[in-house]
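Sequential numbering from 1 along the given sequence is applied to the chain's residues. Below, all heavy atoms of this structure are taken into account, side chains as well, without hydrogens, waters or symmetry copies.
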Amino acid sequence: MLNQSFSAENFRRIFDLENRKGVFLEGKYFPQLKDITEKIKDCNKNIKREKKEKVSNGNDELKKLYEERKLLKKEKERQLNKELQNISENIVAKEFRIEMIKKDIANSKSLYLAKDTPENYFAIKQLQINFSRSFIVKQSNRSQIISQVKILLDDKLPKFILRTDIDDFYENIPHERLFHLISNNHILSPFSRKLLGQILHKYRELSGNSKGIPRGVGISANLAELYMRDIDSKIVSLFGLIYYARYVDDIIIIFAPTLDSPSRKYLDDIKNIVEFNNELKLNATKTKSFDLINTKGSYELEYLGYKISFGNGHTKTRLTNKKMQKYRGRLDATFKSYSILSRINEKEARKYLVKRLRYLTGNTRLKGNKKNILIGIYYSNSQLTEKNDLFDLDKYLENKIKNEIKIFQLQQRLRKYSFMDGFNNKHFSPFKTEELKEILKSWD
């Protein structure tokens with residue numbers, strides 16, 4: 001039987017797990033532990049000093065310090081468990097509600113964020129754990145999909161390829177059908193269902209829509225995967241299908257019919273499955289089909305950030321124009337942020353200019369909700385075969401350094417950063433959680 005309780009014991013597991021990922025919840029939600037944490041640090045320093053000095057009475061002194069540290073840790077554990085117990089009691093109280101705020105973003109869809117309280121944080125984390133264990137839902141691996149697609153497009157066999165996505169996917173998932181799927185699973189606890197209901201109710205209130213799930217709340221990705229499960233199953237069962245992949249709502253399908261197969265309208269087959277009785281609709285402007293059964297030639301499709309050229313037995317991948325614009329936009333924002341901050345504090349401005357360029361041209365490890373995923377110029381684009389785009393980004397960066405940095409020594413320092421070098425040599429830079437937040441702030 002799964003332990004789905006919103007208890008202090010389960011929250012302690014979340015606390016430890018997030019701490020191992022580098023998410024410092026103690027400093028964020030438990031400032032009252034600061035004094036005893038400092039005492040433990042001082043005690044550790046004294047132990048280290050005693051070991052180094054090796055004084056004659058060192059053994060006695062070390063024993064005292066070890067005992068002191070043991071008592072301090074025990075007291076800290078008591079205080080932490082008390083705080084987690086208070087959070088647990090607040091969450092299971094009848095009046096508790098998960099509160100969200102709406103964040104409008106220019107030229108993009110609105111985000112819905114849980115208010116930054118320990119109760120919201122631990123409640124949503126435990127809800128995600130309960131949901132994932134109950135339904136065993138998992139998002140596809142983006143890099144793995146592109147790798148598989150490249151292999152399939154490399155051969156010269158006749159095939160029909162369909163690339164599409166779902167129009168306003170998150171915003172159109174119907175609540176009634178979604179809850180019907182949830183109610184068919186008797187493993188998920190009643191309290192977890194109650195919290196899901198709260199989140200969707202608050203979303204309806206903030207968005208003004210009677211359907212949809214909130215972008216920005218972690219559990220929404222799990223809900224979306226659950227909703228698509230039956231649709232995925234029906235598509236996979238289609239006759240003649242040799243490959244199907246979906247990353248959130250981005251879909252690619254490959255058919256390889258036999259010579260005696262009857263003529264088919266493949267797009268109609270997919271439309272019937274996605275749209276019939278599911279209240280979803282394919283995005284017509286992003287739907288592209290490629291008939292390699294009756295025609296021969298060279299083709300190009302865009303999928304998951306890659307521009308894929310194929311059709312002549314030599315599949316190549318480049319970055320999409322949208323992704324190139326994203327990198328250039330982040331470079332623009334990075335140098336603009338430096339220019340503004342340097343008027344106030346040149347040292348601080350220079351520090352974050354360097355960190356942002358290290359982040360953009362290198363690779364790092366995400367923390368928090370992203371489960372230690374490796375990202376960066378290589379890890380986010382590992383299926384890239386044509387590197388001209390990286391060369392173009394390096395030229396763009398060089399022009400920014402030349403035209404916007406007046407200090408010669410800083411110019412020289414910045415010129416060592418290169419998209420091409422970061423990709424080829426997989427340069428890796430660790431960043432603390434707070435550093436990542438500061439780095440990403442100028443790109444919001």
Side-chain angles (χ1 to χ4, degrees), residues 4 6 14 18 21 23 91 96-105 108-117 119-142 165-185 187-189 191-232 246-251 274 278-281 283 304 366-371 373 375 440 444:
Q4 300 186 47
F6 291 72
I14 293 171
E18 295 302 298
K21 293 177 184 177
V23 183
I91 291 171
F96 174 74
R97 298 289 182 275
I98 290 178
E99 289 296 319
M100 297 190 304
I101 56 173
K102 182 181 179 183
K103 184 179 180 181
D104 293 319
I105 301 173
S108 188
K109 294 180 174 66
S110 298
L111 287 179
Y112 297 84
L113 307 174
K115 287 186 178 179
D116 195 10
T117 67
E119 284 77 13
N120 279 344
Y121 184 90
F122 282 96
I124 291 174
K125 280 289 181 183
Q126 187 62 47
L127 180 58
Q128 285 181 269
I129 292 169
N130 295 349
F131 194 94
S132 295
R133 288 177 177 174
S134 298
F135 290 94
I136 316 177
V137 290
K138 186 179 180 182
Q139 195 173 72
S140 301
N141 183 290
R142 174 178 167 271
D165 72 14
I166 298 170
D167 195 30
D168 293 334
F169 178 43
Y170 271 37
E171 289 72 22
N172 282 311
I173 291 177
H175 293 180
E176 185 176 347
R177 183 170 172 79
L178 179 62
F179 265 106
H180 175 72
L181 293 172
I182 293 170
S183 64
N184 283 340
N185 182 307
I187 299 175
L188 189 66
S189 69
F191 190 72
S192 295
R193 295 170 195 242
K194 176 185 174 182
L195 292 184
L196 284 173
Q198 286 182 15
I199 290 171
L200 294 180
H201 176 79
K202 191 63 181 179
Y203 170 77
R204 287 196 297 268
E205 186 181 294
L206 291 171
S207 67
N209 298 324
S210 59
K211 59 183 179 179
I213 55 178
R215 294 177 185 269
V217 178
I219 191 65
S220 291
N222 303 97
L223 294 171
E225 290 300 312
L226 173 65
Y227 192 78
M228 288 298 294
R229 183 176 284 177
D230 185 52
I231 294 172
D232 292 341
R246 177 181 56 79
Y247 187 82
V248 189
D249 63 334
D250 282 336
I251 297 170
V274 172
N278 288 307
E279 300 184 43
L280 299 176
K281 189 175 181 181
N283 188 330
L304 302 185
L366 278 183
K367 297 176 180 178
N369 295 338
K370 301 298 182 180
K371 299 180 181 177
I373 294 172
I375 62 163
L440 298 172
D444 288 344

A.B. asks: Where do Arg177 and Asp230 land on the side chain to side chain contact (heavy atoms under 4.5 Å, CB included) test, with the steps shown first?
C.D. replies: CA-CA 12 Å; Arg177 183 170 172 79; Asp230 185 52; 4.1 Å; yes

A.B. asks: Is there side-chain contact between Glu279 and Asn172, with heavy atoms separated by less than 4.5 Å?
C.D. replies: no

A.B. asks: For Ile129, which residues count as a side chain to side chain contact (heavy atoms under 4.5 Å, CB included) partner, sequence neighbours excluded?
C.D. replies: Ile14, Gln126, Arg133

A.B. asks: Under 4.0 Å between a Lys/Arg side-chain N and an Asp/Glu carboxylate O for Glu225 and Lys138?
C.D. replies: no

A.B. asks: Tell me the closest heavy-atom pair linking Ala123 and Phe6, and the distance in Å.
C.D. replies: O-CE2, 3.4 Å

A.B. asks: Are the side chains of Val248 and Tyr170 in contact, using a 4.5 Å heavy-atom criterion?
C.D. replies: yes

A.B. asks: Would you call Lys202 and Ile98 a side-chain contact if the rule is heavy atoms closer than 4.5 Å?
C.D. replies: no

A.B. asks: With the side chain counted from C-beta on, respond yes when Asp104 and Lys102 share a heavy-atom pair under 4.5 Å apart, and no when they do not.
C.D. replies: yes

A.B. asks: Could you tell me which non-hydrogen atom of Arg229 sits nearest to which non-hydrogen atom of Ile136, and how far apart they are?
C.D. replies: NH2-O, 3.3 Å

A.B. asks: Apply side chain to side chain contact (heavy atoms under 4.5 Å, CB included) to Glu176 and His180, showing your working.
C.D. replies: CA-CA 6 Å; Glu176 185 176 347; His180 175 72; 6.0 Å; no

A.B. asks: For the atom pair CZ (Arg97) and CG (Leu195), what is the distance rounded to the nearest 0.5 Å?
C.D. replies: 9.5 Å

A.B. asks: Are side-chain heavy atoms of Met228 and Ile166 found at a separation under 4.5 Å?
C.D. replies: yes

A.B. asks: Supply the atom-to-atom distance Phe122 CZ to Thr117 OG1, rounded to the nearest 0.5 angstrom.
C.D. replies: 10.5 Å

A.B. asks: Would you say that Leu196 contacts Leu223 through its side chain, given a criterion of any heavy-atom pair below 4.5 Å between the two side chains?
C.D. replies: yes

A.B. asks: Rounded to the nearest 0.5 Å, how far does NZ of Lys109 lie from CZ of Phe169?
C.D. replies: 12.0 Å

A.B. asks: Indicate whether the side chain of Asn130 and that of Ser192 have a donor and an acceptor atom separated by less than 3.5 Å.
C.D. replies: yes

A.B. asks: Less than 4.5 Å apart, side chain to side chain, heavy atoms only: is that true for Ser183 and Phe179?
C.D. replies: no

A.B. asks: Here's a test for you: under side chain to side chain contact (heavy atoms under 4.5 Å, CB included), which of Asp165, Leu304, Asn141 qualifies with Tyr247?
C.D. replies: Leu304

A.B. asks: Quick check for you: to the nearest 0.5 Å, what is the distance between Ser134 atom OG and Leu188 atom CG?
C.D. replies: 4.5 Å

A.B. asks: Distance-only criterion, 3.5 Å: show the donor-acceptor pairs between side-chain atoms of residues 209-220 and protein atoms not counting sequence neighbours.
C.D. replies:
| residue | atom | partner | partner atom | Å |
| --- | --- | --- | --- | --- |
| Arg215 | NE | Glu171 | OE2 | 2.7 |
| Arg215 | NH2 | Glu171 | OE1 | 3.1 |
| Ser220 | OG | Pro214 | O | 2.6 |
| Ser220 | OG | Val217 | O | 3.4 |

A.B. asks: Could you go through His175 and Arg204, starting from their C-alpha distance and side-chain angles, then the distance that decides it, and tell me whether this counts as side chain to side chain donor-acceptor pair (under 3.5 Å)?
C.D. replies: CA-CA 10 Å; His175 293 180; Arg204 287 196 297 268; 2.7 Å; yes

A.B. asks: Step through the shown structure and confirm whether more than 12 heavy atoms of other residues, nucleotides or ligands are within 6.0 Å of NZ on Lys281.
C.D. replies: no

A.B. asks: If you round to the nearest 0.5 Å, how far is CD of Gln198 from CE of Met100?
C.D. replies: 10.0 Å

A.B. asks: Answer yes or no: is there a donor N or O on one side and an acceptor on the other, between the side chain of Gln4 and the main chain of Ile187, under 3.5 Å?
C.D. replies: yes

A.B. asks: Between atom CG of Asn185 and atom CZ of Phe131, what is the distance when rounded to the nearest 0.5 Å?
C.D. replies: 8.0 Å

A.B. asks: Looking only at heavy atoms, which two atoms of Ile173 and Leu280 are closest? And how far apart?
C.D. replies: N-CD2, 4.3 Å

A.B. asks: Evaluate Asn120 against Phe96 for side chain to side chain contact (heavy atoms under 4.5 Å, CB included), listing each step before the verdict.
C.D. replies: CA-CA 10 Å; Asn120 279 344; Phe96 174 74; 3.9 Å; yes

A.B. asks: Using a 4.5 Å cut-off on heavy atoms from C-beta on, say whether the side chain of Asn222 contacts that of Phe135.
C.D. replies: no

